[in-house]
2 protein chains.
Amino acid sequence: MPRDADRAPTEADYLAAYDAEAFERPSVAVDVALISASEGALRVLLVERSEHPQRGRWALPGGFVAPNESLDEAAERVLAVKARLTGVFLEQLYTFGDPTRDPRTRVISVAYYALVDAATWDRAARDTEKLRVARLVVPWEGETGGPVEARDPDDRPLALAFDHEQILGMAVRRLRGKLDYAPIGFQLLPPQFTLRRLQDVHETILGRPLNKDSFRRRMLASGNLEATGEREECVGHRPAERYRIARRSAV
Amino acid sequence: MPRDADRAPTEADYLAAYDAEAFERPSVAVDVALISASEGALRVLLVERSEHPQRGRWALPGGFVAPNESLDEAAERVLAVKARLTGVFLEQLYTFGDPTRDPRTRVISVAYYALVDAATWDRAARDTEKLRVARLVVPWEGETGGPVEARDPDDRPLALAFDHEQILGMAVRRLRGKLDYAPIGFQLLPPQFTLRRLQDVHETILGRPLNKDSFRRRMLASGNLEATGEREECVGHRPAERYRIARRSAV
DNA sequence: TGAATAGTGTCTATAAGACAATATCCC
DNA sequence: GGGATATTGTCTTATAGACACTATTCA
């Protein structure tokens, strides 16, 4: 890491810094990676672009930020309008501002990610012409980072619009990083779930198998789970107990 | 976490989502928390506002994003112009977009944090009328989060402008969260340093004492450090070996 | 020589991984 | 009863915290 201090800023630098209010203003949008997990893979909702630019490519649902709404509210609105979902887990991810990321004009995108369980998913976003639930393929391990691929149900790659490949890569990296210390695994499951299903979700996010015993101990010790007393039924083997998120999450 | 699916979006929702290009565009700025550590406390560079709004209050150095620069470039420019620093560690933090955060007009701020060692600091930003190095007081433990206070050299609180108290709080929280798994502690130290100085930095960031033995073991095992063979001099006690960042950081 | 901190070695407590044994359901 | 997975218990291993001890420099 070089530390070249004391480069003398030019007059132009000063002008650029102080007169920026006169600059042309960029458009600001939010793009939401709505993520779920099923059958061992992460899934994401994509929208086919019907207009130029990038017509025919697949994009994250997004929209421009209205004058009187906060960024969080804009993201919630996008979810409500495009996926018909409200009240889901939603968190800001990163802001993408390369001047050339949108060929039309300068568009700065504040990316969000949202997590839902597969059941809610099925109600909200069936596969249609314009809307598709794509499977994510992560070509890197751990928290290396980098773009990820989206595949259709026949395992064909979907061409993503703009820099949405990067946004999805960042989302997966964030998920992997937060999973161990933040209570986010549950968000991909229905209100009640067995420990095995929770482990499935963790393994899907991390892209690697986990030790069953250690996983049980960690989860139960975390204080984030609460036994319901109920059990699975009709499963062809000993039924597992169902858990839910503890009211006082953590200690 | 409620999961109220299926609220039918109104026509107005659709229009808001799709006609947003016609919206008035917000201004987009970057604000940089330039952070250092010395004498057991985190320090941050603040600029006194000479204009309304919030005249007389202290703000993070910032500037509007120019049409042809990326967000990272804008943050680098702000550092070069206001602190005369280039090549320092710089990373995007979070984007603040409350519609009322700036009373003039809608300003969305992409916040960054930068890390420098105290020596570079002293060269770059002496205390002047307009520029001040403030001491940060963190009124919460661990990664709880929340606003932090800035104090002047006489320990008097400095009134911060806009939501910069929140931005600083987010910066401290991010630092605490990343410290254990990302190589960022070195960024607050000169190119060569002893393990004790590194521990000082970690304790300052975390706001709590660390176990000396365990800290040594972890740091040396991380593979991020490289012994220089040199030692301290004239220290009135056994001189410690100096280390630097390993060329191949981590494995 | 003594003050002060660097660096090493050992013991203990805690958490993760491995493995075995038992429990419980449906067929 | 047999298949299949849940759940519990024990053992081993890695890591963090605690503490004692030695090493080295300058005053």
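Residue numbers begin at 1 in each chain, while the letters A, B, ... track the order of the sequences.
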Quiz item: Can you tell me how far C1' of D:dT24 sits from NE2 of B:His237, to the nearest Å?
Solution: 11 Å

Quiz item: Residues from residues 197-207 of chain B sitting under 4.0 Å of DNA chain C, heavy atoms only?
Solution: none

Quiz item: Under 4.0 Å: is that the gap between some side-chain N or O of A:Arg216 and OP1 or OP2 of D:dT8?
Solution: yes

Practice problem: Please work out which of the three classes, parallel, tilted or perpendicular, describes the rings of B:Phe96 and B:Tyr94, given edges at 30° and 60°. | Solution: perpendicular

Quiz item: B:Leu220 CG to C:dG7 P: how many Å, rounded?
Solution: 9 Å

Practice problem: Can you label the angle between the B:Phe215 ring and the B:His202 ring as parallel, tilted or perpendicular, going by 30° and 60°? | Solution: perpendicular

Quiz item: Below 3.5 Å, does any donor atom in the side chain of B:Arg238 face an acceptor in the base of D:dA23, or the other way round?
Solution: yes

Exercise. Taking atom CZ of A:Arg208 as the centre, report whether more than 12 heavy atoms of other residues, nucleotides or ligands fall under 6.0 Å from it.
Key: no

Quiz item: How far apart are the C-alpha atoms of A:Leu42 and A:Val148, what are their side-chain angles, what is the distance that settles it, and do they pass the side-chain contact (heavy atoms from CB on, under 4.5 Å) test?
Solution: CA-CA 11 Å; A:Leu42 292 174; A:Val148 299; over 6 Å; no

Quiz item: After noting the C-alpha distance and the side-chain angles of B:Leu225 and B:Leu198, does the key distance pass the side-chain contact (heavy atoms from CB on, under 4.5 Å) rule?
Solution: CA-CA 11 Å; B:Leu225 293 186; B:Leu198 184 58; 4.0 Å; yes

Quiz item: D:dT8 C1' sits how many Å from A:Glu241 CD, rounded?
Solution: 14 Å

Practice problem: Would you kindly give the CG-to-P distance between B:Leu210 and D:dA16, to the nearest whole Å? | Solution: 12 Å

Exercise. Let me know the distance between CD of A:Glu233 and C1' of C:dC27, rounded to the nearest Å.
Key: 16 Å

Quiz item: Do A:Tyr243 and A:Leu220 have side-chain heavy atoms sitting under 4.5 Å apart?
Solution: yes

Practice problem: Find the distance B:Arg231:CZ to D:dC26:P and express it as a whole number of Å. | Solution: 11 Å

Quiz prompt | Under-4.0 Å salt bridge between B:Asp200 and B:Arg197 | solution = yes

Quiz item: To the nearest Å, how far apart are A:Met219 CE and D:dA6 P?
Solution: 16 Å

Quiz item: Charged N to carboxylate O below 4.0 Å: is that the case for B:Glu226 and B:Arg244?
Solution: yes

Exercise. Please say whether more than 12 non-hydrogen atoms of neighbouring residues, nucleotides or ligands are located less than 6.0 Å from CZ in A:Arg231.
Key: yes

Exercise. Measure the distance from CD on A:Glu232 to P on D:dA4 and round it to the nearest whole Å.
Key: 16 Å

Self-check item: Per-nucleotide protein contact string for nucleotides 12-21 of chain C (B base, S sugar-phosphate only, - none; heavy atom under 4.0 Å)
Solution: ----BBBB--

Quiz item: How do A:Val235 and B:Leu195 order along DNA chain C: which one's closest nucleotide is nearer the 5' end?
Solution: B:Leu195

Quiz item: Pick the nucleotide of DNA chain D nearest each of A:Tyr243 and B:Pro239; which residue has the one closer to the 5' end?
Solution: A:Tyr243

